[in-house]
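Since this is a predicted model, take the numbers as computed values, not measurements. Below, read A as the first sequence line, B as the second, and so on, with proteins coming before strands; counting in each chain starts at 1.
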Number of protein chains: 2
Amino acid sequence: MPTARDRARAELTAEIADLARAQLATVGAPGLSLRAVARELGMASSAVYRYFPSRDELLTRLIIDAYDAIGAAAESADDPTAPPAARWLAVCRAVRRWAQDHPHEYALLYGSPVPGYSAPRDTVPSAVRVGAVLGRVLGDAARAGLLPETAHRTTGLVEPAAVDLLGGDDPALDDAVRGRALLAWSSLFGVVSFELFGQFTGAVTDADRFFDDAMTDLAGLVGLHPAG
Amino acid sequence: MPTARDRARAELTAEIADLARAQLATVGAPGLSLRAVARELGMASSAVYRYFPSRDELLTRLIIDAYDAIGAAAESADDPTAPPAARWLAVCRAVRRWAQDHPHEYALLYGSPVPGYSAPRDTVPSAVRVGAVLGRVLGDAARAGLLPETAHRTTGLVEPAAVDLLGGDDPALDDAVRGRALLAWSSLFGVVSFELFGQFTGAVTDADRFFDDAMTDLAGLVGLHPAG
DNA sequence: GCATCACCGAGAGCACTGCTCTCGCCGACG
DNA sequence: CGTCGGCGAGAGCAGTGCTCTCGGTGATGC
């Protein structure tokens with residue numbers, strides 16, 4: 001059973017992470033200072049190292065939390081009873097909205113990787129959640145017979161381990177449409193990143209409309225059409 | 001006329017930038033240290049400030065140079081005599097190749113923006129070059145009559161100032177295809193970023209084939225088909 | 001119940017960073 | 001030939017991540 005010390009430790013760990021997240025939201029990842037969160041917590045900087053052995057470990061924690069947050073946003077935006085094309089657009093919108101609400105955390109996930117820092121294994125399950133939602137939409141559509149049947153199946157492009165994440169198995173799904181799903185998935189984040197990082201400034205008049213149009217085009221690319 | 005002092009100054013400025021670029025390639029942007037380049041140059045750190053008033057100014061210089069480098073790579077990969085779909089794929093491949101050869105510089109351009117640092121106006125002309133090449137391919141195809149005519153023209157989505165960069169004016173070009181061109185443009189970088197930043201690990205068996213397939217799909221989205 | 005042991009917070013300290021200021025030197029220009 | 005502006009060097013400030021050592025204290029074994 002957890003002793004009082006254990007509970008205190010868990011509490012303080014969470015408190016540090018929360019304060020770090022707050023600081024992240026204001027100064028961004030490069031400006032995140034372990035000493036600053038220690039100061040704000042009223043403790044010596046060295047004491048923080050009892051809870052996070054290094055700044056990178058703290059960042060890893062924040063990364064996992066952020067992946068889970070955007071994943072949860074995508075999941076809760078998905079209404080499995082809605083038509084597939086509408087589900088697709090709703091999930092994309094939720095991702096964009098979360099990114100706009102948490103730009104620094106988004107940059108931490110989908111911006112430049114921290115040099116000399118390779119994402120630990122622990123991040124993978126959380127990182128995959130958004131893609132899994134999109135894959136589920138695709139798979140449900142296939143199983144409902146709403147996807148065009150493929151003439152000749154292409155295989156060998158997608159890793160077998162990734163197949164179940166991309167809609168699972170179905171006659172309407174081959175590696176060609178799975179590949180297009182991967183393209184659509186990365187395109188979603190390409191568009192969101194470009195918008196968030198200012199690459200679109202001065203290019204488009206109505207960002208909302210552009211985004212909806214783009215996501216609808218991507219849905220069509222994988223065989224999801226508003227009508228069917 | 002330029003005095004000896006002026007020439008020396010220009011030379012030293014370039015030397016600092018070159019050394020900084022070399023350091024960028026090994027330790028990445030966050031690890032770029034002004035003191036380190038000064039050390040490697042055998043001069044006091046304070047002397048470097050005669051040439052770049054701040055670390056951010058140095059970074060800006062590197063950003064502009066990198067935009068120009070990837071822009072030049074895209075331009076020299078474009079053979080205006082080739083069929084549009086082939087031109088499109090060639091340009092995309094060149095962008096990907098440059099990114100793979102200069103991952104840290106790529107991350108500097110298309111990764112997380114440096115917080116508290118907004119890209120100065122000077123970067124815009126260089127930043128726009130890759131997009132301009134793709135826009136030119138699209139415009140040439142339109143003027144050659146290789147694009148499907150649009151039934152009813154949609155307008156008001158793309159900023160007028162950006163129209164000439166997206167192929168110029170032509171009956172075959174309206175804001176719907178221009179919007180899809182913007183989508184394809186950002187998708188190119190979405191795919192390259194995901195591949196470079198490790199988001200695709202364990203998803204695809206043949207990255208080259210996947211990329212070619214994806215870029216061909218994007219070309220088709222804007223109306224560029226291998227046959228035509 | 002007491003001794004022990006592990007954890008925990010604090011402080012000092014190291015090596016490093018960006019940046020500023022002041023000091024002499026020296027080349028260019030009037 | 002004198003003056004003035006740029007230029008390099010050095011010291012210094014405030015801040016960083018991280019380490020180590022030092023007491024205190026809560027949890028555990030006998």
Side-chain angles (χ1 to χ4, degrees), chain A residues 1-17 19-24 26-63 104 108 113-118 120, chain B residues 1-17 19-24 26-63 104 108 113-118 120:
Chain A
M1 66 174 184
T3 111
R5 235 186 161 82
D6 289 347
R7 290 218 292 98
R9 178 178 181 84
E11 225 166 282
L12 233 178
T13 307
E15 207 167 335
I16 292 173
L19 232 68
R21 191 171 10 259
Q23 197 181 336
L24 180 68
T26 66
V27 296
L32 201 167
S33 153
L34 232 144
R35 289 178 112 112
V37 326
R39 254 194 316 269
E40 223 159 322
L41 231 124
M43 65 197 297
S45 69
S46 55
V48 178
Y49 285 85
R50 302 275 181 205
Y51 301 87
F52 291 95
S54 79
R55 186 178 173 276
D56 276 3
E57 295 277 345
L58 216 194
L59 272 182
T60 301
R61 164 75 178 252
L62 295 183
I63 287 176
H104 287 112
L108 193 60
V114 181
Y117 163 93
S118 67
Chain B
M1 67 176 186
T3 113
R5 234 166 145 107
D6 290 346
R7 291 217 290 97
R9 179 178 179 84
E11 225 166 282
L12 233 178
T13 306
E15 208 166 336
I16 292 174
L19 232 68
R21 192 172 9 257
Q23 198 182 336
L24 181 68
T26 66
V27 296
L32 200 167
S33 153
L34 233 147
R35 288 178 112 111
V37 327
R39 256 195 313 271
E40 223 159 321
L41 231 124
M43 65 197 299
S45 69
S46 56
V48 178
Y49 285 84
R50 302 275 181 203
Y51 299 88
F52 292 94
S54 79
R55 185 177 174 278
D56 276 2
E57 295 277 346
L58 216 195
L59 272 182
T60 300
R61 163 74 178 252
L62 294 183
I63 288 175
H104 287 111
L108 192 60
V114 181
Y117 162 93
S118 67

Is A:Tyr51 near enough to C:dC8 that one of its side-chain N or O atoms lies under 4.0 angstrom from OP1 or OP2?
no
Any A:Arg39 side-chain N or O less than 4.0 Å from OP1/OP2 of D:dT16:
yes
Base, sugar-phosphate, or nothing for B:Leu32, non-hydrogen atoms under 4.0 angstrom?
sugar-phosphate
Separation of C:dG11 P from A:Arg35 CZ (nearest whole Å)
13 Å
Among D:dG8, D:dC18, C:dG11, which nucleotide sits nearest the side chain of A:Leu34?
D:dC18
What's the CD1-P distance between A:Ile16 and D:dG17, to the nearest Å?
13 Å
At under 4.0 Å, does any side-chain N or O of B:Arg9 touch on OP1 or OP2 of D:dC7?
yes
For the pair made of CZ in B:Arg55 and P in D:dT16, what is the distance, rounded to whole Å?
16 Å
Whole-Å distance separating the CZ atom of A:Arg50 from the P atom of C:dC8
7 Å
Looking only at side-chain N and O atoms, does B:Ser46 come under 4.0 Å of OP1 or OP2 in D:dA9?
no
Hey, does B:Leu12 reach any base, or is it just sugar-phosphate, or nothing, if we go heavy atoms under 4.0 Å?
sugar-phosphate
Looking only at side-chain N and O atoms, does A:Arg5 come under 4.0 Å of OP1 or OP2 in D:dA27?
no
A:Glu40 CD to D:dG15 C1': how many Å, rounded?
16 Å
Polar side-chain atom of B:Arg55 near backbone of B:Leu32 as donor-acceptor pair, under 3.5 Å:
yes
Considering all heavy atoms, the nearest A:Leu58-A:Ala20 contact:
CD2-CB, 3.8 Å
For B:His104 against B:Thr26, the heavy-atom pair lying closest together:
CE1-O, 4.1 Å
